[in-house]
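All remarks here apply to the structure that follows.
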Amino acid sequence: MSQPFRTEKGGRIDRAEELTFTFDGEELHGHAGDTLASALLANGVHLVGRSFKYHRPRGILTAGSEEPNALVGVYRKDDQTPNLRATQVELYDGLKAISQNRFPSLGFDVGAVNDLLSPLFPAGFYYKTFMWPKSFWDRVYEPIIRAAAGLGKPPKNPDHDSYGNLYAHCDVLIAGSGPSGLAAALAAAETGAKVILCDEQAEFGGSLLSESSATIDGKDPAVWVAEAIARLGAMDNVTLLPRTTAFGYFAHNFVALAERVTEHLADPDPRLPRERLWQVRAKEVVIAAGAIERPMVFPENDRPGILLADAGRTYLNRYGVKVGHKVLVATACDSAWQAAFDLADHGVEVVGIIDLRESPPESLVAIAAARGIRVEAGCVITSTLGRKRIKAALLGRLMTSGQVASGGQIECDALLMSGGWTPTVSLFSQSRGKVVWDAEAGAFVPGKSVQKERSTGAANGLYGLQASLADGYAAGEGAARAATGKSATITHSRTSGGEAGSGGTLGALPHDRNASRVKAFVDYQNDVTAKDVKLAVREGMQSIEHIKRYTTTGMATDQGRLSNMNALQIASGALDKPLTDVGLTTFRQPFTPTTFGLFAGVSRGDFFDPVRKTPSHDWVVAKGGLFEDVGQWKRAWYFPENGEDMHAAVERECRTVRKSVGLFDASTLGKIEVVGPDAAEFLERMYTNPWKKLAPGRCRYGLLLNDAGFITDDGVIGRLADDRFHVTTTTGGAPSVFATMEDYLQTEWPDLDVWITSTTDQYAVAAVQGPKAREVIAPFIEGIDLSAEALPHMSVREATFCGVPCRLFRISFTGELGFEINVSRRHGKMMWDTLAGEIAKHDGVAYGTEAMHVLRAEKGYIIIGQDTDGTVTPQDAGMTWAIGKKKFDFVGKRGLERPDLKAENRKQLVGLLTKDPKIKLEEGAQVTTLENPATGTPAEGHVTSSYFSPALDRSIALAIVKNGHALEGKALYVPMPEGSIPVEVTGTVFYDKEGARLDV
Amino acid sequence: MLLIYCPYCEIERAETEFRCGGEAHIARPSDPEKTTDDDWVEFLYMRSNTKGIAAERWRHIHGCGRFFNAVRDTVSDEFLKIYKTGEAKPDLEALAREAGK
């Protein structure tokens, strides 16, 4: 099939294997070994997308992962993955790709009107425009901007693919396999060191794969690469990872690699992951990331058909593709000349080499003359013509006055440009090293290492084939020696050709046009022009970090690898400060865009977070009960019967508990076993209450503070023996209470002879609450007397339940006669099923967390974290009774003495009763003294708990209110959108204030 | 991710096994009653928040469970010294000099 821009011969593609693919529905052909970008270019397709802001037609600019324009969507499994760089998408048969950010089509895009309206979209446009009215934020600005700007559309379906994850350790990790990376790998591997060599491209070799004018050991560089890879591949101590990007360099030489496993295959093995995350801990890292070419900043430097010179050379030599038939080359450095020569040697008409420099090297000029190529020195491009493909360029001649004189027009169908080279310091920068300015290289290069890494070759600002190889050998050898102490000598290869060139430019180039009307792009992907950067400076941005955020230059997916240096130079000029004083923005992870799937790995769906189930779980499911998520726990919420709604079900559960009996799964409560001769002393110091005199067999409510004096947790603690306590904590607080106890025990009181053990998961707990609770449990409990006299409220005993050992607490979180039975977790289901069967005989119910909350609120029992918020003291909560006043010390005692904690007007816990008993307050609602306070009036407090109380047949609420304890009986208001609700301040206990129901 | 040496297990393990416990060598006053408000606030809240060489507490929470102390360069994350709870605070300046900081 016709591929009009394919060369006759050459390149690394397999000409025998033709592949069919579609782009925006059009069927096209390429070869195995092509990228989508090279295959499109072979078909003469340059226009591949519309720009982010102005919707300008854009073409392929580069041949690498820094590509800013050629972002495409690729279909697979009935969905599409957006924003893939066509330069990295390997071609396979049947590949289906689409262009992005255009409507209705790539050729005719209505969004292109933005380009004409561009004076309305200057730098900082978002900050200037989307300020008012506020109501426009989410209804007008955001939807319109989201639709008009932006890149690809997100996939419709959940990700079908799986992602792998593995950890690896090595002596030397080498990122990049160009000349210096390969040399480093060869040198390190020879010492026997464990080596990982990764490269983001499909093939190892980097620039060597498109090098036509040099030889290594007398061979074509690509042949030398193949031999080197074969040698490395045969060594057991070497892992070769192609298609693998080192995207993150973290602390302690921890480097994250993204391996693309199946994306390049037409029909991948479904058992394979799409990508694999390698988490590598390397003793030494060699960064051989190379350098990338800089675009030249001249007006209309973004037309399709304009590419970087080295990309043009790569497409030609590596992929057998001519970027055009009439190619113009604009450059400020030597390397682009070789691209012109290579093209000419393949029969492409090179219509000119435009060099910014007054006198380019004579050797190059001579080679151009021998090939009959027109050379214009001391010239720049001042304009380009052609909308969807470049047609011609206008020449400008630099005058000694600094002015630019018109130099005529040159017809062309492609333009290759080179502003020089920028070392890729991203990984070095991520390793927290600071770059330094190398005046000779005209670039920032890695400075002092912070971690165990070294940059080599072009990444270090070093050019030329011989020098890169030599530097690579030294880096590999040095890294291996540092990691393992071993060294080896290997024969260094000899090169011919591939000398380092010189030249390069930074910043915007001069032209003879009206500066306010031209667009010379600095950051292609974000549509940032030279004049945007200057405008940002005029509008007061001084730091490069501010200029970056104001203009969005360098915030594209290449993180400014293409744009930073030009933007910096423009800012430096506008600020009239040396470039090195303006500073470089920080490169961050990831080096290239990385999928969320890679990070998530298997932690999706059921594996996202562990689910903790209680022993009654299956029973609750069978009964049609609903669950509430409490941390990782699934707790029964309520049990609707006969089509009841939540309100009806909860009301029935509450009434039944107070009338007969209820069964509640309390297994989630945190439990800590505190054992040892100093156990009582330890609790004495941890909790506010006194513990030393608590008799074995008795329980006490414990209140835990932090050393600032604020309530952090609570729970009932039972003393089983002189040296053994069973501590309970809140469900959510269990891990932190345990950690806090360990902290004090290990670091403050190592003298105490105490052991603490988390037993939360060791016990299943069933709470049986209600007047008939004793009758319900009696048939199953053996070994103790359950009578009120023998087992009063707040007691604990060891007994058996259906023959298995249990700890029986007589405690209550409902205000009714209550027991909590702890059995070994494996007997939990037996206990639950036994009790569930028994309560049915006593007209009882199983109840969930919602009824539990109502029942405890009726009694004024607080929930830590709901009725307290980390600023509530025991005094604030009305719980001074829980403080052991005679104690020498406990955690929080001194904190409570601080003036602020004893001050007047602290917010205190009170009850609130609405004047209208039918109105239930909203939890979180503000409480005020005035019925209709003016906007901005500070609230006196807020509602913390609010329920309808079946026992009182009215609504009840708890609230934190300023000076609340003194306001009992006073009227306050809860203003709501529907009107202010009058309330009366009360005590916190609403039901059975004397506690008579507990004492039976 | 940091690589941390546990002085009790005598082995290096990944950071995910540990939890940082904040600045080290801040002792809870032994007689809180006699501690002034200012000194108590100092103990509760004031931390040096060092950019550079700092001693901090770590707990091998998913390993042996023990607390220990470590001197870390908070800029580079490099550990300069790891020692058991109860051992004296090392001379941070001397450690920094040794490490060429």
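All of these numbers come straight from a predicted model, not from anything done at the bench. Scope of the values below: all heavy atoms of this structure, side chains included, with no hydrogens, waters or symmetry mates.
The greatest number of non-hydrogen atom pairs below 4.5 Å with chain A, out of Ile61(B), Thr85(B), Thr35(B), is found for Thr35(B).
Along residues 747-755 of chain A, the residues that come nearer than 4.5 angstrom to chain B, judged on non-hydrogen atoms, are Thr747(A), Glu748(A), Trp749(A) in order of number.
For Tyr249(A), no part lies near chain B; criterion is any non-hydrogen pair under 4.5 Å. In this structure, the portions of Ala739(A) lying under 4.5 Å from any heavy atom of chain B include both its backbone and its side chain. If you measure heavy-atom distances from Glu15(B) to chain A, you find no contacts under 4.5 Å at all. Of the atoms belonging to Ile4(B), not a single heavy atom falls under 4.5 Å from chain A. Contact of Asp889(A) with chain B is made through the side chain alone, with heavy-atom distances under 4.5 Å. Interface residue Val41(B): only side-chain heavy atoms are found under 4.5 Å from chain A. Contact annotation for Ser76(B): both backbone and side-chain heavy atoms come within less than 4.5 Å of a heavy atom of chain A.
Atom CD of Glu78(B) sits about 9.5 Å away from atom CD of Gln451(A), to the nearest 0.5 Å. Distance CG/Leu3(B) to CG/Asn253(A): 10.0 Å, rounded to 0.5 Å. Annotation: the span from Phe254(A) atom CZ to Met1(B) atom CE amounts to 3.5 Å, rounded to 0.5 Å. Distance check, rounded to the nearest 0.5 Å: CZ of Phe67(B) to CD of Glu742(A) gives 7.5 Å. Taking CG from Leu2(B) and NE2 from His252(A), the interatomic distance works out to 5.0 Å, rounded to the nearest 0.5 Å. Taken from CZ in Arg432(A) to CG in Asp77(B), the straight-line distance is 4.0 Å, to the nearest 0.5 Å.
The side-chain heavy atoms of Phe43(B) and Arg894(A), taken from C-beta on, include no pair separated by under 4.5 Å. Trp40(B) places none of its side-chain heavy atoms less than 4.5 Å from the side chain of Glu897(A). Side chains of Phe888(A) and Asp31(B) form a contact here, defined as non-hydrogen atoms less than 4.5 Å apart.
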Worksheet entry | salt bridge (Lys or Arg N to Asp or Glu O under 4.0 Å) between Arg19(B) and Asp743(A), intermediate numbers included | CA-CA 12 Å; Arg19(B) 186 168 298 167; Asp743(A) 196 341; over 6 Å; no

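Residue Ala708(A) comes nearest to Tyr45(B) through the heavy atom pair CB-OH, 3.4 Å, listed as atom of the first residue, atom of the second, then distance. When all heavy atoms of Gln746(A) and Arg59(B) are compared, the closest pair comes out as NE2-NE, 4.3 Å. Contact between Asp707(A) and Arg28(B) at its shortest, heavy atoms only, is OD2-NE, 2.6 Å.
No more than 12 heavy-atom neighbours from other residues, nucleotides or ligands sit within 6.0 angstrom of NZ on Lys452(A). Enclosure of atom NZ in Lys51(B) is not indicated, since only 12 or fewer non-hydrogen atoms of other residues, nucleotides or ligands lie within 6.0 angstrom.
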